[in-house]
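Just below is one structure, and these are the notes that go with it.
The model shown is predicted, which means the values in this text are computed figures rather than measured ones. Heads up: numbering here begins at 1 and tracks the sequence. Each ligand, and each atom within it, is numbered from 1 in the order the structure gives.
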Amino acid sequence: MDKLIIEGGQRLAGEVAISGAKNAALPILCAALLSAEPLELANVPDLNDIGTMLKLLEQMGVKVARDGHRVTLDAGGLNNPVAPYEMVKTMRASILVLGPLTARCGEARVSLPGGCAIGARPVDQHIKGLQAMGAEVTVEHGYVHAKVAKLKGARLFTDMVTVTGTENLMMAACLADGVTVIENAAREPEVVDLAQCLTAMGARISGAGTDVIRIEGVAKLHGASHRIMPDRIETGTFLCAAAATGGEIRLTGTSTGYLDSVVDKLMDSGCDISGEKTRTSESILIRAPERLKAVSIRTAPYPAFPTDMQAQFMAINCVAEGSAVMRETIFENRFMHAVELIRLGADIKIDGNTAFVTGVHKLEGATVMATDLRASASLIIAGLVAEGETHVERIYHLDRGYEHIESKLTALGAKIKRAKA
Ligand code: EPZ
């Protein structure tokens with residue numbers, strides 16, 4: 001297993017290009033299942049999760065051609081609507097094939113994704129929505145079986161805001177008979193990006209980005225081209241890295257538009273952040289103070305502070321001046337990075353879904369263990385400011401969701417390298 005070795009104390013400076021969004025690319029790859037014509041995608045990030053999803057689609061009969069950040073998928077020969085356990089267990093987002101397969105093939109057998117480090121991650125809302133659209137859905141031997149002659153438009157109300165639940169049901173509704181309305185829909189920008197891709201394929205969708213999405217089913221979808229939106233969580237991660245190190249960096253190919261809640265909190269902590277726009281590109285400039293002020297946050301569905309940024313923000317509160325209260329309202333177990341940060345000398349107390357963080361003057365390098373994707377990023381940020389050497393182990397989590405993060409950080413002046421653990 002690989003690890004990262006980080007020598008702390010470098011202020012980040014320079015420019016970093018932000019990659020395409022993992023959490024937009026994953027549902028959009030699955031959208032290819034809805035059409036017999038090719039879907040051409042640009043700005044697809046080079047991540048392990050993307051590779052896993054492409055393998056999953058290929059074993060269903062989808063032809064995949066990949067050239068750097070460009071991917072073309074052709075589901076004309078789709079002949080195996082099955083997502084097997086050995087592939088799904090490595091990536092929960094595989095559940096996103098359930099809606100498209102049921103809509104296109106009238107059946108699907110998808111392994112239950114099971115939980116992960118941050119929570120139980122049930123998919124009951126995905127199932128409930130497909131049943132409301134007329135599918136017969138059972139769960140047997142760890143697999144979700146869905147069967148239907150033709151999905152019917154329905155009025156769906158999810159019990160809680162669910163991002164992939166909204167995405168699965170929106171994709172399924174594109175080929176249903178009649179109109180589907182999803183109430184309490186997720187408003188995340190990645191849902192909007194998926195809706196834009198589906199619309200380019202001929203879907204009739206309105207309301208994406210609000211909590212009520214209306215989809216008028218059509219007989220079939222055609223091929224299209226689409227460019228994946230920038231990754232707002234990678235953007236936020238680099239903003240936090242610059243903030244923690246008192247750095248000054250420019251992030252290109254991204255904008256503050258998808259991250260107002262995070263930008264506001266970073267500005268409250270004392271950072272100067274400005275968006276830059278030219279005719280052809282957008283970027284963000286961040287200048288951080290010598291020492292940040294601690295800022296409290298509470299995660300919640302978009303447009304509130306994203307749960308995927310909680311771990312990274314905890315790392316900067318660990319070295320900020322003052323104390324902060326951090327409340328995690330989305331997942332039941334998303335503080336595992338806290339015990340690792342404490343190994344670096346952080347002052348954190350956890351009480352249920354609330355973390356009380358008091359900033360310390362310095363962290364000290366140590367060996368720590370990554371437990372999930374965003375926890376890995378949190379430990380790297382802490383390592384960048386800790387005195388001495390920090391070894392972050394089990395970084396296979398990191399490779400799932402960050403494209404070449406150590407080379408991007410090295411280019412910004414960080415002393416970080418990959419080694420065999
Ligand atoms: C998506 O996960 C993201 N993943 C997650 O990013 C992100 O943390 C999460 O949304 C919240 O923003 C992708 O988009 C691939 P949810 P998802 O369904 O859709 C409960 C990362 O780091 N729930 O919005 O699985 C669920 O347990 C990953 O990139 C049900 O109870 O999350 C959670 O408490 C981590 N039943 C809450 O809803 C359901 O059927 C929100 O989950 C569905 C969800």
Side-chain angles (χ1 to χ4, degrees), residues 19-31 45 47-50 52-53 56 88 90-99 110 112-132 137 139 144 156-171 182 184-194 211 228-229 231-237 258-259 261-262 299-313 328-334 336-337 353 370-378 397-403:
S19 304
K22 166 177 86 79
N23 290 351
L26 289 171
I28 288 172
L29 291 175
C30 298
L47 303 171
N48 290 357
D49 271 8
I50 297 296
T52 304
M53 183 63 88
L56 178 66
V88 173
T90 64
M91 186 188 59
R92 306 191 58 268
S94 309
I95 192 68
L96 283 163
V97 302
L98 178 63
V110 177
L112 271 175
C116 72
I118 64 176
R121 314 290 295 273
V123 291
D124 54 297
Q125 303 297 309
H126 303 236
I127 292 171
K128 191 182 93 169
L130 288 176
Q131 287 170 331
V137 186
V139 178
V144 180
L156 310 177
F157 192 100
T158 56
D159 296 354
M160 78 295 293
V161 174
T162 159
V163 175
T164 51
T166 300
E167 292 167 342
N168 236 336
L169 297 173
M170 182 165 72
M171 287 192 279
I182 305 173
N184 203 20
R187 298 167 54 187
E188 271 67 6
E190 293 76 20
V191 175
V192 177
D193 205 33
L194 171 62
D211 60 353
I228 305 292
M229 67 176 279
D231 194 316
R232 64 192 172 99
I233 305 302
E234 185 193 21
T235 300
T237 302
Y258 310 113
L259 265 181
S261 55
V262 176
T299 68
Y302 191 87
F305 193 94
T307 175
D308 289 351
M309 281 301 305
Q310 177 258 110
Q312 300 91 309
F313 211 84
E328 172 56 59
T329 72
I330 304 289
F331 291 112
E332 62 268 32
N333 188 32
R334 203 167 196 177
M336 284 166 299
H337 43 284
N353 73 345
T371 48
D372 59 85
L373 171 56
R374 307 305 173 182
S376 315
S378 172
H397 294 288
L398 194 68
D399 297 332
R400 298 187 46 183
Y402 287 99
E403 187 176 53

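Across every non-hydrogen atom of Lys22 and Leu373, the tightest pair is CE-CD2, 3.6 Å. Looking at every heavy atom in both residues, Phe331 comes nearest to Ile118 through CB-O, 3.5 Å. Here the shortest heavy-atom pairing between Pro27 and Met171 reads O-SD, 3.7 Å.
Side-chain contact, Gln312 with Thr237: a donor N or O sits under 3.5 Å from an acceptor N or O.
Within the structure, salt bridge (charged side-chain N to carboxylate O under 4.0 Å, His left out) contacts touching residues 299-313 (residues at least two apart or in different chains) are Asp308-Arg334.
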Tabulate distances under 3.5 Å between N/O atoms of ligand 1 and N/O atoms of the protein, writing both atom names on each line.
residue: ligand 1; atom: 2 (O); partner: Arg121; partner atom: NH2; Å: 3.4
residue: ligand 1; atom: 6 (O); partner: Asn23; partner atom: ND2; Å: 3.3
residue: ligand 1; atom: 6 (O); partner: Asp308; partner atom: OD2; Å: 3.0
residue: ligand 1; atom: 8 (O); partner: Asp308; partner atom: OD1; Å: 2.6
residue: ligand 1; atom: 8 (O); partner: Asp308; partner atom: OD2; Å: 3.4
residue: ligand 1; atom: 8 (O); partner: Arg334; partner atom: NH1; Å: 3.4
residue: ligand 1; atom: 18 (O); partner: Thr162; partner atom: OG1; Å: 2.7
residue: ligand 1; atom: 19 (O); partner: Thr164; partner atom: N; Å: 2.8
residue: ligand 1; atom: 19 (O); partner: Thr164; partner atom: OG1; Å: 2.6
residue: ligand 1; atom: 22 (O); partner: Arg334; partner atom: NH2; Å: 3.4
residue: ligand 1; atom: 22 (O); partner: Arg374; partner atom: NE; Å: 2.9
residue: ligand 1; atom: 24 (O); partner: Val163; partner atom: N; Å: 2.8
residue: ligand 1; atom: 25 (O); partner: Arg121; partner atom: NH2; Å: 3.1
residue: ligand 1; atom: 29 (O); partner: Lys22; partner atom: NZ; Å: 2.9
residue: ligand 1; atom: 29 (O); partner: Asn23; partner atom: ND2; Å: 3.0
residue: ligand 1; atom: 29 (O); partner: Arg374; partner atom: NH2; Å: 2.8
residue: ligand 1; atom: 34 (O); partner: Ile330; partner atom: O; Å: 2.7
residue: ligand 1; atom: 36 (N); partner: Pro122; partner atom: O; Å: 3.4
residue: ligand 1; atom: 36 (N); partner: Asp124; partner atom: OD1; Å: 2.8
residue: ligand 1; atom: 40 (O); partner: Pro122; partner atom: O; Å: 3.3
residue: ligand 1; atom: 40 (O); partner: Asp124; partner atom: N; Å: 3.1
residue: ligand 1; atom: 40 (O); partner: Asp124; partner atom: OD1; Å: 3.4
residue: ligand 1; atom: 40 (O); partner: Gln125; partner atom: N; Å: 2.8

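A salt bridge links Arg232 with Glu190: at least one charged nitrogen is closer than 4.0 Å to a carboxylate oxygen.
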